[in-house]
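Proteins get letters first, then strands, A, B, ... in listed order; numbering begins at 1 in each. It should be emphasised that the depicted structure is a prediction, and the values quoted were computed from it without experimental measurement. Atoms considered below: every heavy atom in the structure, side chains included; atoms not considered: hydrogens, waters and symmetry mates.
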There are 4 protein chains.
Amino acid sequence: MAKTMQAIVKAHAAPGIEIREVPVPEIGATDVLVRVEAASVCGTDLHIYNWDPWAQNRIKPPLIPGHEFCGIVERVGEDVTAVAPGDFVSAEMHVACGKCLQCRTGQAHICQKVKIIGVDADGAFAEFVKIPESNIWKLDPSLPRAWGSLLDPLGNAVHTVLAGEIATKTVAITGCGPIGLFAIAVAKLCGAAMVFAVEVNPYRRSLATKMGADVVLDPTTEDATARILAATDGVGVDVLLEMSGHQNGINTGLKALRTGGRASLLGIPSRPVTLDLAEDIIFKGAVVQGINGRKMYETWFQMEALLKSGKLDLDPVISHTMPLRDFDKAMDLLKSGEASKIVLTKF
Amino acid sequence: MAKTMQAIVKAHAAPGIEIREVPVPEIGATDVLVRVEAASVCGTDLHIYNWDPWAQNRIKPPLIPGHEFCGIVERVGEDVTAVAPGDFVSAEMHVACGKCLQCRTGQAHICQKVKIIGVDADGAFAEFVKIPESNIWKLDPSLPRAWGSLLDPLGNAVHTVLAGEIATKTVAITGCGPIGLFAIAVAKLCGAAMVFAVEVNPYRRSLATKMGADVVLDPTTEDATARILAATDGVGVDVLLEMSGHQNGINTGLKALRTGGRASLLGIPSRPVTLDLAEDIIFKGAVVQGINGRKMYETWFQMEALLKSGKLDLDPVISHTMPLRDFDKAMDLLKSGEASKIVLTKF
Amino acid sequence: MAKTMQAIVKAHAAPGIEIREVPVPEIGATDVLVRVEAASVCGTDLHIYNWDPWAQNRIKPPLIPGHEFCGIVERVGEDVTAVAPGDFVSAEMHVACGKCLQCRTGQAHICQKVKIIGVDADGAFAEFVKIPESNIWKLDPSLPRAWGSLLDPLGNAVHTVLAGEIATKTVAITGCGPIGLFAIAVAKLCGAAMVFAVEVNPYRRSLATKMGADVVLDPTTEDATARILAATDGVGVDVLLEMSGHQNGINTGLKALRTGGRASLLGIPSRPVTLDLAEDIIFKGAVVQGINGRKMYETWFQMEALLKSGKLDLDPVISHTMPLRDFDKAMDLLKSGEASKIVLTKF
Amino acid sequence: MAKTMQAIVKAHAAPGIEIREVPVPEIGATDVLVRVEAASVCGTDLHIYNWDPWAQNRIKPPLIPGHEFCGIVERVGEDVTAVAPGDFVSAEMHVACGKCLQCRTGQAHICQKVKIIGVDADGAFAEFVKIPESNIWKLDPSLPRAWGSLLDPLGNAVHTVLAGEIATKTVAITGCGPIGLFAIAVAKLCGAAMVFAVEVNPYRRSLATKMGADVVLDPTTEDATARILAATDGVGVDVLLEMSGHQNGINTGLKALRTGGRASLLGIPSRPVTLDLAEDIIFKGAVVQGINGRKMYETWFQMEALLKSGKLDLDPVISHTMPLRDFDKAMDLLKSGEASKIVLTKF
């Protein structure tokens, strides 16, 4: 096979990316080389592109970004048994150390020394990507390619929704980016009684309706907390899934949470958050969970089952599809706020 | 109002029942008198009718049986605030003592001194029934009367299904009497990935299909365990809901349960059961739960949400509807094995 | 018996209290009248005494405060069966409504309509106090009277410690008021591997040592977080029990909590708290629990067992004992910061 | 170093063992070679020695048995980073496949394809044993050698005790072999309120007392269930730890378990067991857990903490210490019933 490949490369410590011809990754005995079929864009990729403070602190150029993808196994290391060339796969891109307390007690998703492929090592915005066998996830060949590239954010949603009881519960989801949108559908599919979606962006609100939210609220024009309380006889929702990472979204959600409810926080605030801890958590006897990544690999088994059911439609969340060579255009779209999930196909 | 009413009465320590004119129950300050609109027949009622050894040991004639019902509040005691005359209601018929360890630690459904209305006190096969306010459950007036009489067995099913994780899980249900049938629909509605129903009776198997089972198995003509293992890549199901109370059903289910799975047992064996404890529970690291009644009142809130969703159809389980005066006929039908749930309406 | 009694009375909407002769409470059919043997002072009582904004908002004078006590049953209503005159008792002073969602699903400790005896109704700083039978807790007659008055705050500690796994875990307790001090002893008794106590007040630090803390830290002179991290190989503690209600205590504790750890928050901040939610909770995959009151009545059963073991010594936490008539003096001592728990005996 | 070593070898498909000179194991890149310092004898070793039906079915001679041990790292493979030569270590001898559902969802201790070193591969009754790095557990060098060899059965006990709530709970332990004995001490250390030990063998009963059981019962001369019920006000124990694997022990324990209690079953019955499933599990709302091995590696972290506390004394359980060359004598002792744990030291 060819020795080189095209890739999106963060070449320098500065904004932007380059399309470069680079060597195809060499694989070790327990690695898998995957030919990328589709890769989707995450907010993290925009941070890297923009070279914002987070990126400056974390990324060591040159780097190939991209951590949401699917593809076909091209080659496997000599010790690999889980997959074979030709298999359709995706992968968990958080590579856990396997030796820390968390890894050894079933919490590898919060490994103290995690490395993320596409952030800390070369990722999937390229013709090929190298993945350790432990992290490969075999997919049903009939799964649409675009969907196969969405398992990372879908997994975030599944992890958040299923982090506690959901069947028969009332649920508020604050923030309807792709993960929030997926969470709506997953919650309904798992028996949630009523899902309230709270989102400032009208385009995203329209998607929230498509994904099955029972009530969609615009907190810029209505008192979302009051609406939720009124619709729950003043009790509040059983479950809050916080996907916005914004002070306002967090406040709205916590105020709408019932006494004794569960708040699962996935949205990452970019600055400190001020909370009415006494009223909103302590007196309320609330349980607040920090949610990070996907459980390795419970979440993947759960996703597999949900996709297999045929009842989960990911299409509404995909706003654009374009080849990898249009990466700059994808970044522009994302900045505009008019895109939801952008799927990138072969160069 | 009238001082007397018609009732089905177990008058003597012998098989059969009588229809009698008896006094309308007098209520205390915290009681509710309900005019019965519909009452369904449970296997327990047949035991009482037949006067089998269990009944001989437990029942003290004269007794009005009947513990599955709904009706309209006729009158309330002076301290009652939860409901008012005219409200449409059902009730939890297990009356907990409120003072034992279990009652004081959130396990009132397994109260050490429970009294069951319709078993230990006069029940609902009558024009009126007396219920303590604590046990009354207000219903949506739009709920079909027949469905309102089914909340006791539906609650058994909900309690069993939701006693552990169910979303994305594979499930075997052994025994498809009314509770098993309800469990099929509830499991699917709460996101179960695949439901295998195992049942010897062809009529019940046909209902299992109607309630949404993915695979319906006849253990008299096929190796149900082998079929389930084959359909789960040899792994077995994540969850067993045992509803048969039979040695064979229990064995089939436990052998089909995956290592690390959950077995929730509701079916009541009438005699001791022999288990391969080493292989089927211990080495397997299985969790086996005894399930009794309905959680007071989590299960009722869960049922309310499921019914409100509009996605739960109870009609297939109702095989017959007839007036209370045809009680003997209902008993005959039940004995025949050709009935599922029989709903009794006003005399 | 006498028709009147002496009592500490918050007579007016202003600072201070009065000692007054007031009627002995009349009891209903399900009430218990208790002759108070000992009553301890809580921070809440100081708020009421000082008539601070919280008190101005919540308290409706005239009111007899006092919600930590024990005594001898004097008289019981006609329907009471749980206790009889002469029994030694304490009581859960949170009176739950019994009808809200929380009360009906095993969370009565966070009842939406809770009334607190001693806050919303006349309490125990008097010769007699009226308690509903449901809330009475019978004590072993051999329990020291002073200890019997401490079950409310001891229960707060037990509820917090046992709100998750504690055996073999490393624990940080931030804030060593009486509840924090009790928590130290309870955690050790339940198998905590190592307890770090963090407290600014030197007197309280000395008590923390007496209660069994393995390491006692002064955050005003040392970096408590750094000390805890160093002592746990950089991992952090498994469990944080936050008892200070202060921004600094909360920060210190959360920064010292390990990835995937549990933070149980009991201390009530008097103003909003600013958190690094991203780093300290979300990426960390932490579970944060709001803790309120005592579980009704799991916590009481747990306390009973701990006291019966003979291994729990409450004496170090009692700094002063004085008669109820010295109430003003008790308030002065509490303000000085040189008191821990003050037990008040008969007038 | 030497190319050969002495070892206890099950050389033929027949009763008995041989002491042989065999090659020192060769290690791969991720293996660790350990010089055995102490190894203890398990009932499994006696099965292998006696060549009973279980052994005939499972063991493929020639095999070096022995799965409870500690030693000093002699050499490590090139990729090993967790330990270095000279480290004092023990090991989890269940080698999980890492690829099955259970392994990938935090249940590696019930891996579908587990291999046990000392059963399915050469074990520790030799001068050296080969262990994969993933399974090595580093020990504090100050830990007594004899204790270091007991972590496998101690871990069984810790896994069983901590499989649910234990602090403040009443506990019945049926069967006081070494694991039952360890469980007594662990339960007390973790705050169990009262431990009832039930055991037919007088020697073991004397050890149960030494390990801290509050009440030791001989079911051959007294009604152990009745005694436990009487001591718990007729309620029964909160927790049953079943360590006997005998029909009688299981019955005694389940009948003594309170409604809503937990039964954790570790003892392996050698034949089917007959249960009163209706009364003892279903109506009781009991939770029955099959317990297998040790959680990988939660249990090991828990053991480490317990040993570090200095409050756990393993010595009473060690009845004999002798060199490996006296293996036949150890087998004779074990058969006599007069031995508890036998620790074997270097040849």
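Residue A:Asp120 forms a salt bridge (Lys or Arg N to Asp or Glu O under 4.0 Å) with just one option from A:Lys113, A:Lys60, A:Arg58, A:Lys115, and that option is A:Arg58.
Salt-bridge annotation for D:Arg262 and D:Glu165: absent, with no side-chain N of the basic residue lying under 4.0 Å from a carboxylate O of the acidic one.
In this structure, CD1 on D:Ile173 lies 9.0 Å from CG on D:Leu240, to the nearest 0.5 angstrom. Distance check, rounded to the nearest 0.5 Å: CG of D:Asp152 to OG of D:Ser90 gives 8.0 Å. D:Leu150 CG to D:Glu68 CD: the interatomic distance, rounded to the nearest 0.5 Å, is 7.0 Å.
Among the residues in residues 291-305 of chain A, those with a non-hydrogen atom closer than 4.5 angstrom to a non-hydrogen atom of chain D are A:Met296, A:Tyr297, A:Glu298, A:Phe301. At a heavy-atom separation below 4.5 angstrom, chain A is approached by D:Lys99, D:Leu101, D:Arg104, D:Thr105, D:Gly106 within residues 92-112 of chain D.
The shortest distance between side-chain heavy atoms of D:Thr44 and D:Val119 falls below 4.5 Å. Between A:Glu37 and A:Ile72 there is a side-chain heavy-atom pair separated by less than 4.5 Å.
Taking the ring axis of D:Phe88 as reference, the NZ or CZ atom of D:Arg145 stays within 45° of it and closer than 6.0 Å to the ring centre.
A donor-acceptor pair shorter than 3.5 Å cannot be found between the side chains of D:Thr160 and D:Ser264.
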